[in-house]
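These notes are about the structure you will find just below.
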Protein chains: 2
Amino acid sequence: MSHSATLPEDACLAAWCAGDEWCAITCTMDVIENKWHPVIVDRLLAQGPLHFNQLADEIGPITNKVLSNSLQNLEESGLVDRTIVNDQPVEVEYALTDRGRSLEPVIDALAAWGREHLGTADDGTAVRY
Amino acid sequence: MSHSATLPEDACLAAWCAGDEWCAITCTMDVIENKWHPVIVDRLLAQGPLHFNQLADEIGPITNKVLSNSLQNLEESGLVDRTIVNDQPVEVEYALTDRGRSLEPVIDALAAWGREHLGTADDGTAVRY
DNA sequence: CAGTATCCACAAGGATACTG
DNA sequence: CAGTATCCTTGTGGATACTG
């Protein structure tokens with residue numbers, strides 16, 4: 001299932017069509033720049049399909065509303081599929097699409113850089129190298 | 001020159017110290033999540049050190065204020081060095097630090113994904129695949 | 001279980017104009 | 001050339017409470 005959506009007012013895409021280079025990056029950022037988007041994709045990459053509350057537990061400090069919004073955004077971007085796997089009680093499964101899985105190198109790069117540049121100082125305080 | 005700053009109130013770093021995984025990604029996002037940060041780093045990677053207005057021209061639609069803010073953030077994060085190379089007229093050069101250059105794999109991944117998922121439809125309109 | 005409904009605060013981005 | 005100074009709008013995240 002290929003995802004295709006026209007975004008008429010999107011300056012980034014317009015610039016891309018005009019041949020500008022900078023927009024390839026901002027396009028990707030448009031998709032993942034929300035605070036939790038990359039984390040959600042990361043958890044789905046690592047754990048496979050997850051239910052709403054499983055995601056909430058995996059991710060850490062995220063509220064219902066923000067997780068819900070983020071998942072809707074990811075669905076609209078064609079990165080995540082939402083499937084109702086059971087009624088009564090309602091169970092919903094969130095899984096990456098092929099397009100979502102294609103973000104793996106990006107997520108890996110983000111995670112690798114973060115891991116290399118975070119640490120603990122001698123006095124026990126958190127430090128950014 | 002090693003960059004090291006304590007960020008006492010930073011929940012991300014606190015969580016890192018507590019052993020949580022999600023924060024490696026959010027830490028990286030904290031550094032580059034601003035709309036133009038990754039583009040600035042990309043241009044400096046591709047072109048080497050640049051002056052203020054050179055950057056503005058390279059990057060595209062960015063206002064003085066936003067570019068100035070972004071550069072200050074990048075400097076505070078230890079990713080960019082600001083050097084005055086001339087008085088009268090004032091000339092300032094922005095260059096990546098080692099830490100800044102270490103973002104290259106991240107930027108490359110962002111750019112590659114964007115390039116693969118942007119394009120032009122048959123009717124000429126911009127399309128996101 | 002999987003959300004929605006409000007409300008609030010803050011920060012980032014953009015437009016515009018001005019300066020040493 | 002390399003910025004700063006305002007002002008404004010919007011979006012995003014967080015807190016809290018409620019629901020089918």
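Scope of the values below: all heavy atoms of this structure, side chains included, with no hydrogens, waters or symmetry mates. Letters A, B, ... are given to chains in the order of the sequence lines, protein chains preceding strands, and every chain is numbered from 1.
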If you only use heavy atoms from C-beta on, which nucleotide in dG14(D), dG3(C), dA2(D) is closest to the side chain of Thr63(A)?
dG14(D)

Separation of dC10(C) C1' from Lys35(A) NZ (nearest whole Å):
12 Å

Report the distance from atom CE of Met29(A) to atom P of dG11(D), rounded to the nearest whole Å.
18 Å

Looking at His51(B), I'd like to know whether one of its side-chain N or O atoms comes within less than 4.0 Å of OP1 or OP2 on dA2(D).
yes

Under 4.0 Å between a side-chain N or O of Asn53(A) and OP1 or OP2 of dC1(C)?
yes

Counting side-chain heavy atoms from CB outward, which of dG3(D), dT4(C), dG13(D) is closest to Ser68(A)?
dT4(C)

Nucleotide dC1(C), atom P - distance to CZ of Phe52(A) in whole Å
11 Å

Set out, in order, the CA-CA distance, both residues' side-chain angles and the distance that settles salt bridge (Lys or Arg N to Asp or Glu O under 4.0 Å) for Arg82(B) and Glu75(B), then state yes or no.
CA-CA 7 Å; Arg82(B) 178 181 183 276; Glu75(B) 206 189 344; 5.1 Å; no

For the pair made of CG in Asp57(B) and C1' in dC1(D), what is the distance, rounded to whole Å?
12 Å

Kindly compute the distance separating CD (Glu91(A)) from CG (Asn53(A)), expressed to the nearest 0.5 Å.
10.5 Å

Please state how far atom CD in Gln88(B) lies from atom P in dA2(D), giving the value in whole angstrom units.
13 Å

What's Gln72(A) touching, base or sugar-phosphate or nothing? Going by heavy atoms closer than 4.0 Å.
sugar-phosphate

Which residue, Trp36(A) or Val90(A), contacts DNA chain D at a nucleotide closer to its 5' end, judged by nearest heavy atom?
Trp36(A)

Nearest 0.5 Å, what's the CG-CH2 distance between Asp42(B) and Trp36(B)?
12.0 Å

Check whether any side-chain N or O of Tyr94(A) sits under 4.0 Å from OP1 or OP2 of dC1(C), and answer yes or no.
no

One should read off an interatomic distance between His37(B) NE2 and Ile32(B) CD1, to the nearest 0.5 angstrom, of 10.0 Å

Both distances under 3.5 Å, Watson-Crick or G-U wobble: on that basis, could you give the dot-bracket string for DNA chain D, with [ ] for crossing pairs and | for other-strand partners?
||||||||||||||||||||

Residue that, paired with Leu74(B), satisfies side-chain contact (heavy atoms from CB on, under 4.5 Å) out of Leu79(B), Leu96(B), Asn34(B), Asn69(B):
Leu79(B)

Remember a base hit wins even if backbone is also touched, and classify Asn34(B) as base, sugar-phosphate or nothing at under 4.0 Å, heavy atoms.
sugar-phosphate

I need the CG-P distance between Leu67(B) and dG3(D), as an integer number of Å.
8 Å

By nearest atom, which of the nucleotides dG3(D), dG13(C), dA2(C) is closest to the Val66(B) side chain?
dG13(C)

Does dG3(C) have OP1 or OP2 under 4.0 Å away from a side-chain N or O of Arg82(A)?
yes

Hey, which of Val39(B), Leu45(B), Leu44(B) is the one that makes side-chain contact (heavy atoms from CB on, under 4.5 Å) with Ile107(B)?
Leu45(B)

Between the base of dG14(C) and the side chain of Lys65(B), is one N or O donor paired with an acceptor at under 3.5 angstrom?
yes

Name the nucleic acid region contacted by Asn86(A), choosing base, sugar-phosphate or nothing; use a 4.0 angstrom heavy-atom cut-off, strictly under.
nothing

Rounded interatomic separation in angstrom, taking CG from Asn73(B) and P from dG13(C):
8 Å

